[in-house]
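Quick caveat: nothing in here was measured; it's all calculated off a predicted structure. Order of listing sets the numbers, starting from 1, for every ligand and every atom in it.
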Amino acid sequence: MPRKKTLKLREGTTVKEFSELIGLKFSDVIKKFMELGYMPTINQPVDTDAALLVAESFGIKLELASVEDETVVEEIKDDTSFLKHRAPVVTIMGHVDHGKTSLLDAIRETKVTETEAGGITQHIGAYKINLHGKDIVFLDTPGHEAFTAMRARGAKITDIVVLVVAADDGVMPQTVEAINHAKAAAVPIIVAVNKIDKPDANPAKVKSELAEHGIISEEWGGHDIFVEVSAKKRMGIEHLLEMILLQAEMMELKANFDKEAKGTVVEAKLDKGRGPVATLLVQNGTLKVGDALLSGVHVGKVRALIDDIGKRIQVAGPSTPVEVIGFSEVPSAGDTFVVVEDEKRARQIALTRFQKHRSLEIAKAKKLTLDELYTKIQEGQIRELNIIIKGDVQGSVEAIKDAFENITHPEVKVRVIHTSVGGINESDVMLATASNAIIIGFSVRPETKALQTAEKEGVDIRLYNVIYEAIEDVKKALEGMLAPTLKEKVLGRAEVRQLFPVSRLGTIAGAYVIDGYMSRACDGIRVLRDNVVAYEGKLATLKRFKDDVKEVQTGYECGILIENFNDIKVGDILENYIIEKIASKL
Ligand code: GDP
Ligand code: MG
């Protein structure tokens, strides 16, 4: 008779534990596994997929529970009286040269070294300061790249973003990027208007420019906190810290101090003398020396805990950055970590995860694509379509943005989460991964690294040269009418290193293949200048020395002539592609 109860299968359960869990004889269970083609030994962790099938064949419903989930479940059950205030975790973001590093230094110097004799501060990627008896943690990895890379991995470690804007420079492209990244993560922003010591500082201009991006100061009727500072002259630093504490108070940040620790890997490296060293941010619970650690597929036992000023400590509570020695390999920054009951169990779970790694990689690659949009809408999986727009000029970016925002659909809201002028870079792809967005490029191209990341993460990048086509495609996708697409496949890229004008033919580009290959049989070739398409046409000849050839691979030089195009320049990137027909998935 089938039983109705749903049992929880913990990660890393051995076959023996599994048969006990479902209450059946070990020999019967093993037999079923073997029928399915698995040969597990008694103390080996079960393959979870196989275990689900085996249980089902006995009429038992199983649910998978990852270690991280287990702790989440406990948290809900946690009596809220166990929860205590924890310190806010802050990331500093902003445009290059606006003073992120200087501000981090200013804060550290005014608040950390003054209390430490000798002022030895050890760099561990994060530090804690104290103001009026209250702590604030600063992540010392400024820049939205790190921030979004972490979020793309599912880690949410920042409570507050401090947006640094130089008062003599105003809102710049990376300021806007930072705003959009913080908004996409729903993290509150505190604006630090920096460099107010400068004679040409114009804080009012910063305020009005930020207002255009929806960041409105309280004195202008908004809700955003602005603080004027000078990182160089150490002015306004304490006020900024007070505002961070105020914001934190409103957020009522809490954690349970009395349980096994859980958190995120902030940085990790292999140290010559000490082996794998990781900076962890404890987010819940308390980490202790001797604890068994699990992070992704890596395990460890805490041999030593070192705090942000280089002092050995025995325990680290919530919102504490701490350096940990004791991992057997280097874990990945951005991964979560959990403390489990012992090293044996940590190893069991790590092994299961490692075996699953491949299927997880495939699952990870299943990001949203325009082709699948309609199916997902039908299945009720999609309520919002997030879009990132990159274009060659501000005008076309604005036009596409307006057009997208005017698309109405009964079930789906179209949201443009980021726009900017220029080629598609890795940061755009990371933002798309973190927000499950698609990227629309108008007369621009992805950088090679962005293309590789997009492929790895499964991010859909759509490139257009006609605004109307971009809008039509999104509309059609929403209606499930997207025609079988002709998809372009880039074969390779070559960098122009030399020019050879040949009177009769035109200019032959002496180029070096930097990735993939160049093919005589390509359907088209384009000339990229700073990732913007300067020309698109047909390849006329492909040569190695004096000979015509079919293909030239990465790492080799070649001569390329493009039909009807002679305005080529040294430094241009030549990209050749073929057009493949992809059957519509609808
Ligand atoms: P980051 O690129 O955002 O990390 O910027 P940095 O902290 O490296 O600062 C860039 C430049 O601006 C450096 O030359 C700093 O000395 C200068 N700077 C930073 N803060 C201030 C400030 O408050 N006033 C003045 N006058 N210069 C500053
Ligand atoms: Mg810097």
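- With a 4.0 Å heavy-atom cut-off, ligand 1 is reached by the backbone of Asp97 and by its side chain too.
- Residues that satisfy the salt bridge (charged side-chain N to carboxylate O under 4.0 Å, His left out) test with Asp224, not counting sequence neighbours, are absent from this structure.
- For ligand 1, none of its N or O atoms has an N or O atom of Val229 under 3.5 Å away.
- Remark: ligand 1 and Thr101 share an N or O pair separated by less than 3.5 Å (distance only, no angle test).
- Heavy atoms of Asn194 found under 4.0 angstrom from ligand 1 belong exclusively to the side chain.
- Within 6.0 Å of atom CD in Gln314, 12 or fewer heavy atoms from other residues, nucleotides or ligands are found, so the atom counts as exposed in its surroundings.
- Applying the salt bridge (Lys or Arg N to Asp or Glu O under 4.0 Å) test to pairs two or more places apart or on separate chains, those with a residue in residues 436-445 are Arg445-Glu488, Arg445-Glu575.
- A heavy-atom distance below 4.5 Å is found between the side chains of Arg526 and Leu528.
- Using a 4.0 Å cutoff on heavy atoms, Met235 does not count as a contact of ligand 1.
- Checked against a 6.0 Å centroid threshold, the rings of Tyr127 and Phe138 count as neighbours.
- On a distance-only criterion, Gly99 and ligand 1 share at least one N/O pair closer than 3.5 Å.
- With a 4.0 Å heavy-atom cut-off, ligand 1 is reached by the side chain of Lys198 but not by its N, CA, C or O.
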Open item on the list: Before you tell me yes or no, could you show the steps for Asn386 and Val414 under side chain to side chain contact (heavy atoms under 4.5 Å, CB included), namely the whole-Å CA-CA distance, both residues' side-chain angles and the distance that decides it to 0.1 Å?
Closed with: CA-CA 6 Å; Asn386 289 338; Val414 179; over 6 Å; no

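- Nearest-heavy-atom check against atom 9 (O) of ligand 1 across Ala201, Ser102, Gly236 picks out Ser102.
- Between the side chains of Asn130 and Asp135, at least one donor-acceptor pair of N or O atoms lies under 3.5 Å.
- In the candidate list Lys233, Lys232, Gln174, Lys100, Lys100 is nearest to atom 1 (P) of ligand 1, counting heavy atoms.
- Contacts between His95 and ligand 1 below 4.0 angstrom, taking non-hydrogen atoms only, involve the backbone exclusively.
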